[in-house]
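Report on the structure given below.
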Amino acid sequence: GENVEQHPSTLSVQEGDSAVIKCTYSDSASNYFPWYKQELGKGPQLIIDIRSNVGEKKDQRIAVTLNKTAKHFSLHITETQPEDSAVYFCAASSSRDSGYALNFGKGTSLLVTP
Amino acid sequence: DAMVIQNPRYQVTQFGKPVTLSCSQTLNHNVMYWYQQKSSQAPKLLFHYYDKDFNNEADTPDNFQSRRPNTSFCFLDIRSPGLGDAAMYLCATGEQGHHEQYFGPGTRLTVT
């Protein structure tokens with residue numbers, strides 16, 4: 001089955017700095033890679049995603065890059081703000097799998113200090 | 001607003017006492033998922049429904065069952081909760097043929 005590794009597990013940055021979270025996956029059949037933001041006591045919220053036919057996608061301060069050959073993808077947050085503080089999960093799924101099940105990384109706890 | 005709703009948000013049950021968690025959606029999605037998320041861990045898929053077709057993950061314990069009486073509602077039944085079943089239970093929805101999944105706020109289950 002798919003195995004998704006996520007690093008780092010914790011990340012602390014100063015407000016205004018950039019934050020980068022990296023994930024690797026094992027199944028070459030995976031073709032969809034979402035990122036979720038989870039605030040304390042809430043469900044995960046989809047913030048950006050990328051498909052395997054695209055190398056990079058950007059939405060305002062958030063960008064995701066994908067390297068299919070190396071099987072890794074990254075989340076980049078620029079000009080971080082305190083409200084960006086949360087746990088971020090990467091995930092991978094394959095059209096081959098029933099229900100397009102998401103395989104999550106273990107999460108990165110991001111703290112943005114003013 | 002279209003959304004995924006979970007009730008209750010917090011549930012306390014006794015060891016061995018059956019408990020049911022509920023999920024409803026106004027997105028009219030034909031796929032519904034149940035995930036278990038233990039403290040400081042990633043969500044783990046328990047099972048999913050495509051319409052009324054039930055799909056169980058291989059390592060989901062028999063203690064966990066689910067019902068989907070109609071498109072809008074899905075229930076998670078834990079027949080005999082153990083202390084190790086204390087977790088956040090997340091419901092998500094999606095459309096068959098599409099990867100995007102949309103999560104509810106979760107129900108935090110405590111077992112005493």
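Below, chains carry the letters A, B, ... as their sequence lines are ordered, and counting in each starts from 1. What you see is a predicted model; the values in this text were computed from it and never measured.
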Please flag which part of A:Pro44 lies under 4.5 Å from any non-hydrogen atom of chain B: side chain, backbone, both or neither. both
Walk me through whether B:Gln14 and B:Thr112 qualify under side-chain hydrogen bond (donor to acceptor under 3.5 Å, both in side chains). CA-CA 5 Å; B:Gln14 291 179 328; B:Thr112 60; 5.2 Å; no
Contacting region of B:His48 [heavy-atom separation from chain A under 4.5 Å]: side chain
Please say whether more than 12 non-hydrogen atoms of neighbouring residues, nucleotides or ligands are located less than 6.0 Å from CD in A:Gln60. no
Could you grab the distance from atom NZ of A:Lys68 to atom CZ of A:Phe73, nearest 0.5 Å is fine? 14.0 Å
Among A:Ala91, A:Gly41, A:Gly107, single out the residue with the greatest number of heavy-atom pairs under 4.5 Å to chain B. A:Gly41
Run the side-chain hydrogen bond (donor to acceptor under 3.5 Å, both in side chains) test on A:His72 and A:Thr24 for me, step by step, so that the C-alpha distance in whole Å, both residues' side-chain angles and the decisive distance to 0.1 Å come before the verdict. CA-CA 4 Å; A:His72 67 71; A:Thr24 61; over 6 Å; no
Between B:Gln41, B:Gln37, B:Gln6, which residue shows the highest count of heavy-atom pairs closer than 4.5 Å to chain A? B:Gln37
Among the listed options A:Val87, A:Val4, A:Asp49, A:Leu102, the residue most often paired with chain B at heavy-atom distances under 4.5 Å: A:Leu102
Heavy-atom distances under 4.5 Å only: say whether A:Ser109 touches chain B with side chain, backbone, both or neither. neither
Just checking, is any N or O donor in the side chain of B:Ser80 or B:Asn63 under 3.5 Å from an acceptor N or O on the other one? no
Below 6.0 angstrom between ring centroids: does that apply to B:Phe47 and B:Phe54? yes
If you tally heavy-atom pairs under 4.5 Å against chain A, which of B:Gln96, B:Arg108, B:Glu100 wins? B:Glu100
Is the A:Phe33 to A:Tyr25 ring centre distance short of 6.0 Å? yes
Tell me yes or no: SG of B:Cys74 and SG of B:Cys23, less than 2.5 Å apart? no
Most heavy-atom pairs under 4.5 Å with chain A, out of B:Glu57, B:His98, B:Met88, belong to B:His98
Cut-off 4.5 Å, heavy atoms of chain B, and the answer for A:Leu46 is side chain
Based on non-hydrogen pairs under 4.5 Å, which of B:Tyr49, B:Tyr50, B:Tyr33, B:Tyr102 is most in contact with chain A? B:Tyr33
Proximity breakdown for A:Gln38 and chain B, heavy-atom pairs closer than 4.5 Å: side chain
